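None of the values given here were measured: they were computed from a predicted structure. Numbers restart at 1 for each chain; the letters A, B, ... are given by sequence-line order, proteins then strands. No hydrogens, no waters, no symmetry mates; every other heavy atom, side chains included, goes into these values.
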Protein chains: 2
Amino acid sequence: MIAEKKTTKSLILEATERLVAENGFESVSLRDITNDAQVNVAAVNYHFGSKEKLFEAIQCRYIDPVNEERLKMLEELTGEGRVATVREILEAFMRPFLTVVKGSEMSEKLFFKLMGRCVMDPQGGLPEDMVPGMKRVAETFTKALLTAAPNLTTELVLWRLHFTFGVMAQTLLHGELLYSLTDGACGDPDAEDQFQEMIGFCEAGFLAEKGAQK
Amino acid sequence: MIAEKKTTKSLILEATERLVAENGFESVSLRDITNDAQVNVAAVNYHFGSKEKLFEAIQCRYIDPVNEERLKMLEELTGEGRVATVREILEAFMRPFLTVVKGSEMSEKLFFKLMGRCVMDPQGGLPEDMVPGMKRVAETFTKALLTAAPNLTTELVLWRLHFTFGVMAQTLLHGELLYSLTDGACGDPDAEDQFQEMIGFCEAGFLAEKGAQK
DNA sequence: ACATGATTAAAGCACTTGCTTGAATAAATC
DNA sequence: GATTTATTCAAGCAAGTGCTTTAATCATGT
């Protein structure tokens with residue numbers, strides 16, 4: 001569990017998560033946060049040091065667990081000489097979003113949006129102390145994918161992982177946009193369905209030949 | 001050609017494009033713009049009415065031509081009963097970014113970032129008068145893709161188009177991030193190569209069976 | 001040369017920004 | 001109960017925000 005008691009600090013974190021998920025990092029002010037959390041303005045600087053550090057805390061709070069879960073799932077797939085499929089590896093890459101949100105108190109919709117913000121608008125780049133973790137994930141998954149699809153080159157895997165990131169971020173952030181843009185014609189699949197579609201799409205992309213001429 | 005004379009109005013537009021591409025809509029202030037453009041603050045409100053309308057102008061300035069070019073390319077592919085492949089349709093969807101940037105004075109890198117911003121952080125949603133155009137593109141391409149891949153359902157095509165958007169936005173916006181995160185291991189392919197990889201990835205995703213179980 | 005409308009410029013307005021201050025309060029330690 | 005220590009509060013500061021106002025400048029046609 002991540003949030004238990006309604007301390008001032010946790011009130012600030014929760015309000016920030018809500019506001020950032022809905023409006024993005026750049027549009028949320030200290031007053032927005034402290035009003036929403038029913039807390040004094042000075043409390044943010046007292047507990048977090050600065051607005052920027054508060055935002056870094058927000059970014060680490062769920063992404064770190066997601067990355068841990070990713071590595072754990074991957075280890076279970078590939079440890080002790082086991083061989084994993086591309087699909088299984090992609091699942092290890094994406095499913096942690098679903099499992100971590102279950103352990104939090106946030107609604108799925110809000111959590112996904114917040115994660116999308118972290119991936120797409122990381123306030124002034126990724127927080128410095130998240131970079132090693134992200135690199136580790138990228139490297140470990142790249143290696144696993146290269147083993148699972150030995151016909152691919154490292155560069156190709158990196159690019160396709162990058163594309164996969166895009167699919168994920170878009171789905172996390174803008175699930176609603178598609179709904180409104182198509183007047184609901186896209187249906188209203190639940191998170192697990194969307195998740196399977198995402199994986200299916202990216203799996204096929206990964207298994208394609210280079211350049212994939214028709 | 002889009003920009004010819006160094007009028008105050010065009011200076012403002014160019015400075016705004018540069019700053020927004022680099023920093024995102026939310027972080028750019030009127031003073032940032034007018035300092036960079038070497039014009040008076042009041043000029044923005046005189047020529048555009050408000051900051052918001054300036055941003056709308058920025059968003060329309062290249063996306064409208066991109067959407068026109070998309071429809072034109074698609075029409076050439078599917079007009080008069082011709083039958084197009086999924087790959088050709090996806091190319092009609094994406095290549096306009098490459099052709100429109102060639103006709104502008106902006107560098108590729110800046111243009112792609114700006115387009116990424118427009119897609120990912122559209123300042124307070126899409127400008128109202130762009131929505132019909134976007135809907136038209138979505139509908140036309142959905143229809144074409146359904147014809148090219150008759151085994152897919154409308155919902156599936158919409159979702160996969162959505163995923164394709166994500167791949168595109170991520171590549172436009174964060175090409176550099178991948179480079180730095182992998183210490184250059186992703187190589188440094190030119191725009192056309194990246195473009196072919198993007199299309200290959202999305203084509204394979206589109207051609208996958210629903211859910212794409214291994 | 002003059003008048004007309006379009007454009008630019010300097011100053012400022014009301015408001016918001018992140019952050020700090022110094023006093024008041026609550027909690028913990030002795 | 002007294003004394004630290006941790007936390008909360010109201011107030012305010014300097015800088016920045018979008019935008020307006022009023023006067024000056026420019027280009028134009030007569």
**OP:** At the 4.0 Å heavy-atom cut-off to chain B, mark where contacts on DNA chain D begin and end, going 5' to 3'.
**Re:** D:dT17 to D:dT21
**OP:** To the nearest Å, give me how far apart NZ (A:K51) and C1' (C:dC19) are.
**Re:** 12 Å
**OP:** Count the heavy atoms of every other residue, nucleotide or ligand shown that sit under 6.0 Å from CD of A:E52, and state whether that count exceeds 12.
**Re:** no
**OP:** Would you mind reading off the distance between A:F25 atom CZ and C:dT17 atom P, rounded to a whole angstrom?
**Re:** 17 Å
If you look only at distance, which donor and acceptor atoms sit under 3.5 Å apart when one is on a side chain in residues 35-44 of chain B and the other is two or more places apart or in another chain?
| from | atom 1 | to | atom 2 | distance (Å) |
| --- | --- | --- | --- | --- |
| B:N35 | ND2 | B:R31 | O | 3.3 |
| B:D36 | OD1 | B:R18 | NH1 | 2.7 |
| B:N40 | OD1 | B:A42 | N | 2.9 |

Subject >> Heavy-atom side-chain contact between A:C118 and A:F25 under 4.5 Å >> reply: yes
**OP:** Mind telling me whether A:F163 and A:W159 have parallel, tilted or perpendicular rings, with 30° and 60° as the class edges?
**Re:** tilted
Original post:
Counting only non-hydrogen atoms, which of residues 27-45 of chain A are less than 4.0 Å from DNA chain D?
Top reply: A:R31, A:N40, A:A42
Subject >> Nearest-Å distance for atom pair CD/P, residues B:E26 and C:dT17 >> reply: 12 Å
Original post:
What is the minimum heavy-atom distance between A:I89 and A:F141, and which atoms define it?
Top reply: O-CE2, 3.4 Å
Original post:
Roughly, in whole Å, what's the span from NE2 in A:H47 to P in C:dC19?
Top reply: 15 Å
Original post:
Rounding to a whole Å, what distance do you find between B:Y46:OH and C:dA9:P?
Top reply: 13 Å
**OP:** Give a yes/no verdict on a cation-pi contact between A:K102 and A:F111, requiring under 6.0 Å between NZ or CZ and the six-membered ring centre and an angle within 45° of the axis.
**Re:** no
Original post:
Is there side-chain contact between B:F165 and A:H174, with heavy atoms separated by less than 4.5 Å?
Top reply: no
**OP:** Decide, yes or no, whether a salt bridge links B:E69 with B:R95 under the criterion of side-chain N to carboxylate O below 4.0 Å.
**Re:** no
